[in-house]
Number of protein chains: 2
Amino acid sequence: MTRPRPARLVRSERATRDGIPEATVSRLPFYLQALTALAERGVATVSSEELATAAGVGSAKLRKDLSHLGSYGTRGVGYEVQYLIYQISRELGLTQDWKVVIVGIGNLGHALANYGGFTSRGFTVAALVDADARVVGETVAGLTVTGLDSLDQTVSSLGIQIGVVATPGPAAQEICDRLVAAGVTGVLNFAPCVLTVPDGVMVRRVDLATELQILAFHEQRRAAGRLAGEMPAEPQDLSEALGAIGEPRTTLTKSRAEAAG
Amino acid sequence: MTRPRPARLVRSERATRDGIPEATVSRLPFYLQALTALAERGVATVSSEELATAAGVGSAKLRKDLSHLGSYGTRGVGYEVQYLIYQISRELGLTQDWKVVIVGIGNLGHALANYGGFTSRGFTVAALVDADARVVGETVAGLTVTGLDSLDQTVSSLGIQIGVVATPGPAAQEICDRLVAAGVTGVLNFAPCVLTVPDGVMVRRVDLATELQILAFHEQRRAAGRLAGEMPAEPQDLSEALGAIGEPRTTLTKSRAEAAG
DNA sequence: AAGCGCTTGTGAACGTATGCACAAAGTTGC
DNA sequence: GCAACTTTGTGCATACGTTCACAAGCGCTT
């Protein structure tokens, strides 16, 4: 049942119409960062080559990315730094101020609340919320931590659009549900679990351990290559596997604070 | 083997032998997390459909990802949870213990040092380093913070392989250089800048503000769609752009100081 | 042993992303 | 005003990633 099919595809830059490729969007913040650094040094214009180097990408990729926003460069000259900063900011929606609530004021929540990178880029941390009565009432980064009870009212009355979940894993889904019910339409999830949300709500997950694991993969690979040339790592025996990982149903991770009631 | 094969197909499958696609690697930690959760609940076997749901991906993608590691499933049954946990762990290099140094014990450094997700997954935070004399000597997460002077010796004597840079941006490159010189071969960078490293050293960048910006992009786009049906937002508001930035686009050599007034 | 239902593993189609190379379009110098 | 030079924007080729659809394989029942 083989059907010969001509691979002819008439596809004319459809993404340009109003959609920017996801890969491009994910790089825009880096360009913005590099441009801001250049602006602070008083640089007025920059070529794609220079900007690409500053952002850690190739110049062709940079140009193609920017071309999705429009023709904002001048041939023979380059890009005007201030103008490009504005265009990228506008595209990312940073010309308006976004209100953020951070839920879970543990170590990470503290760090996020005090993180300057948020406020300096169009984001306002408008509220801090925690379940622990010992933390409620505390002042962190100039804000008083409130309890979980008032979460719904806080979000809706302040008009908060984005929620940052920095709670332990088991509590995350419930917090997320309440955030969404209160009107939040974007969630940044630091908890090590998948959050289920209705259509129209976006979740981005950031897992610090994941990043280390990806790093470890490449480290290990590199180390293995050095030790044995190009010897492929063969699957090990099952007995060894079970021995290394432990018996079935043994505790793989230790204690975890339970916040679900 | 019963079916005739196209002549030049072998090359694309070659990546499977010792190379796993980067996109797959980036998802393995999520599968591992989901599997660990299942194991804690005493689940013995799991189908690709169930595991995919738990990990937040499609089942076809999951199966293809796992197929790059080998044939570790049983048709008609699914995957044995413990065995798969071991196989993914081994592939990620988590069967050995990785030693990590965290440089920059500010808010974020504190959070990272206390973050349980590291230690529970094959990573040992072996040292904490900070430049600030007021922080040096402090005990964080059971470790004493040491000064920058001893960074090189700490890394090499403890055999640390991975460095986590949680310093302010301007200091990051110098710290990174010293880490690499001392023997670190993997760097996790939380500073908002590009780190330049020699070949053979890997850098992964995590920027918290970047994640929020990507979220804002989608939020803004969705909001625009609601206001105007599905009308594409045309980026032609040149006058608005100029008003916000304050500098005419046509004069490229004009200084920023003039535009400020 | 044969049939049936279920699930994996994978070929193939489709879509997206990347990098090269160069024409188009600007600036500079004379 | 024109030629030489610089840099953008993009068509094209290729690589990579995702999704579909289904044969192959396994266990269970008859």
Side-chain angles (χ1 to χ4, degrees), chain A residues 1-17 19-28 31 44-53 55-81 83-84 87, chain B residues 1-16 19-28 31 44-53 55-81 83-84 87 249-253:
Chain A
M1 288 279 210
T2 50
R3 219 163 53 179
R5 187 176 280 250
R8 190 156 52 105
L9 184 59
V10 187
R11 180 172 54 88
S12 61
E13 297 299 331
R14 187 161 209 166
T16 308
R17 189 188 48 176
I20 297 177
E22 195 59 32
T24 295
V25 173
S26 71
R27 283 186 294 264
L28 290 181
Y31 303 153
T45 62
V46 66
S47 72
S48 65
E49 200 75 44
E50 295 168 313
L51 182 54
T53 302
V57 302
S59 61
K61 194 189 284 187
L62 172 76
R63 286 200 300 278
K64 185 149 278 193
D65 281 345
L66 293 183
S67 77
H68 286 123
L69 311 188
S71 282
Y72 296 143
T74 307
R75 295 173 195 231
V77 177
Y79 300 90
E80 194 185 346
V81 174
Y83 185 64
L84 196 52
Q87 291 298 345
Chain B
M1 291 299 182
T2 56
R3 297 181 67 83
R5 286 200 171 204
R8 302 200 302 163
L9 184 60
V10 190
R11 185 162 292 180
S12 62
E13 287 186 354
R14 198 174 174 87
T16 307
I20 296 178
E22 193 58 33
T24 295
V25 172
S26 70
R27 284 186 294 262
L28 289 182
Y31 303 153
T45 61
V46 66
S47 73
S48 65
E49 200 75 44
E50 294 167 314
L51 182 54
T53 302
V57 301
S59 62
K61 196 188 281 188
L62 172 76
R63 286 200 301 276
K64 182 143 279 191
D65 281 344
L66 293 184
S67 77
H68 287 123
L69 310 186
S71 282
Y72 295 143
T74 307
R75 294 169 196 238
V77 178
Y79 300 91
E80 194 185 343
V81 173
Y83 185 62
L84 196 52
Q87 291 298 344
R249 186 192 170 213
T250 46
T251 42
L252 296 168
T253 52

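- Contact detail for B/His68 and B/Thr24: the closest heavy-atom pair is ND1-OG1, 3.7 Å.
- In this entry the distance linking CG of B/Leu69 with C1' of C/dT8 reads 14 Å, nearest Å.
- Distances shown here put every side-chain N or O of A/Tyr79 at or beyond 4.0 Å from the OP1 or OP2 atom of C/dG26.
- Listed nucleotides D/dG9, C/dA17, D/dG17 differ in distance to B/Pro21; the shortest reach to its side chain belongs to D/dG17.
- The distance between atom CD of A/Glu49 and atom P of C/dC20, rounded to the nearest whole Å, is 11 Å.
- Atom P of nucleotide C/dT7 and atom CG of B/Leu66 are separated by 16 Å, given to the nearest angstrom.
- For the pair B/Glu22 CD and D/dT18 P, the computed distance is 12 Å after rounding to whole Å.
- Under the side-chain hydrogen bond (donor to acceptor under 3.5 Å, both in side chains) criterion, A/Thr53 pairs with no residue, sequence neighbours left out.
- If you measure from atom NE2 of B/His68 to atom P of D/dT18, you get 10 Å, rounded to the nearest angstrom.
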Give me, pair by pair, the N or O atoms of the protein and of nucleotides 19-21 of chain D that are less than 3.5 Å apart, along with how far apart they are.
| residue | atom | partner | partner atom | Å |
| --- | --- | --- | --- | --- |
| D/dT19 | O4 | B/Lys64 | NZ | 3.3 |
| D/dA21 | N6 | B/Arg63 | NH2 | 3.4 |

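- Residues in residues 65-74 of chain B take part in these salt bridge (Lys or Arg N to Asp or Glu O under 4.0 Å) pairs, two or more places apart or across chains: B/Arg27-B/Asp65.
- Listed candidates were C/dT18, D/dG17, C/dA17. Nearest to the side chain of A/Arg27 is C/dT18.
- Separating the OH atom of A/Tyr72 from the P atom of C/dG26 is a distance of 16 Å, rounded to the nearest angstrom.
- The phosphate of D/dT8 (OP1 or OP2) has a side-chain N or O of A/Ser48 nearer than 4.0 angstrom.
- Judged as a side-chain contact (heavy atoms from CB on, under 4.5 Å), and not counting sequence neighbours, the contacts of B/Thr74 are B/Val77.
- With hydrogens and angles left out, the side chain of A/Arg75 and the base of D/dT8 share a donor-acceptor pair within 3.5 Å.
- Rounded to a whole Å, the CG atom of A/Leu51 is 13 Å from the C1' atom of D/dT8.
- Protein atom CG of A/Asp65 is 14 Å distant from nucleotide atom P of D/dT8, rounded to whole Å.
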Query - Test side chain to side chain contact (heavy atoms under 4.5 Å, CB included) applied to B/Tyr72 and B/Leu66, step by step - result: CA-CA 8 Å; B/Tyr72 295 143; B/Leu66 293 184; over 6 Å; no

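- Contacts of B/Ser59 classified as side-chain contact (heavy atoms from CB on, under 4.5 Å), with partners at least two apart in sequence or in another chain: B/Ser48, B/Glu49, B/Ala52, B/Arg63.
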**Report entry** Residue pair A/Val57, A/Tyr31: steps toward the side chain to side chain contact (heavy atoms under 4.5 Å, CB included) verdict
**Finding:** CA-CA 9 Å; A/Val57 302; A/Tyr31 303 153; 3.9 Å; yes

